[in-house]
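Please read these numbers as outputs of a predicted model, since none were measured by experiment. Excluded from the calculations below are hydrogen atoms, water molecules and symmetry mates; all remaining heavy atoms, backbone and side chain alike, are included. This chain uses plain numbering: 1 for the first residue, then up along the sequence.
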Amino acid sequence: MIEYINGKIVSKNLDTIIMEINGIGYIINVSSLTLNKLPNHTQNTKIYISESTNMYSGTNTWYGFLTKEERDLFEVIKSIQKIG
């Protein structure tokens with residue numbers, strides 16, 4: 001599991017950001033609350049990651065949070081049957 005990534009935000013969309021780290025652009029899903037709190041494109045930013053793998057396609061999806069506590073709460077909610 002990835003704890004966090006640290007890089008520059010190169011793009012902000014409705015519910016995703018693209019972060020560039022060592023020349024690779026990562027798509028990260030974020031909430032509107034997180035999106036509004038993110039700094040501008042010139043600053044390095046640390047994003048805590050929750051990773052999910054689709055059981056049918058095997059693709060990975062990253063969810064990003066500004067604090068570890070937000071990410072940990074998301075993990076708890078995801079673990080509850082019929083909710084997550």
Q: Under a 3.5 Å distance rule, please check whether Thr16 uses its side chain to pair with a backbone N or O of Asn13 as donor and acceptor.
A: no

Q: Please name all residues satisfying side-chain hydrogen bond (donor to acceptor under 3.5 Å, both in side chains) with Ser50, sequence neighbours left out, ordered by chain then number.
A: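 Residues passing side-chain hydrogen bond (donor to acceptor under 3.5 Å, both in side chains) with Ser50: Glu75, Lys78.
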
Q: Would you indicate whether the side-chain heavy atoms of Leu38 and Ile17 approach each other to under 4.5 Å?
A: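 The answer is yes; the side chains approach within 4.5 Å.
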
Q: For Lys8, does the NZ atom have more than 12 heavy-atom neighbours from other residues, nucleotides or ligands under 6.0 Å away?
A: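 Result for NZ/Lys8: open.
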
Q: Which pair of heavy atoms, one from Glu51 and one from Asn60, lies closest together, and at what distance?
A: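 Scanning both residues completely, I find the closest heavy atoms to be OE2-ND2, 3.3 Å.
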
Q: Hey, what do you get for CD1 (Ile49) to CD (Glu3), rounding to the nearest 0.5 Å?
A: 10.0 Å

Q: Is it true that Leu35 and Tyr4 fall in one hydrophobic cluster, defined by side-chain heavy atoms closer than 4.5 Å?
A: no

Q: Please report the closest heavy-atom contact between Asn6 and Thr45, naming both atoms and the distance.
A: OD1-O, 3.0 Å

Q: Check the pair Ile9 / Gln43 against side-chain contact (heavy atoms from CB on, under 4.5 Å), numbers first and verdict last.
A: CA-CA 8 Å; Ile9 299 167; Gln43 297 176 324; over 6 Å; no

Q: Take Val76 and Phe74 through the test side-chain contact (heavy atoms from CB on, under 4.5 Å) and record every step on the way to the result.
A: CA-CA 5 Å; Val76 169; Phe74 179 76; over 6 Å; no

Q: Less than 6.0 angstrom from the centroid, inside 45 degrees of the normal: does Lys68 satisfy that with respect to the ring of Tyr48?
A: no

Q: Donor-acceptor pairs are to be reported for all side-chain atoms of residues 18-30 against protein atoms at under 3.5 Å, with residues two or more places apart or in another chain.
A:
unit_1 : atom_1 : unit_2 : atom_2 : d
Asn29  : ND2    : Trp62  : O      : 3.2

Q: Quick one: CZ on Phe65 to CZ on Arg71, what's the gap to the nearest 0.5 Å?
A: 8.5 Å

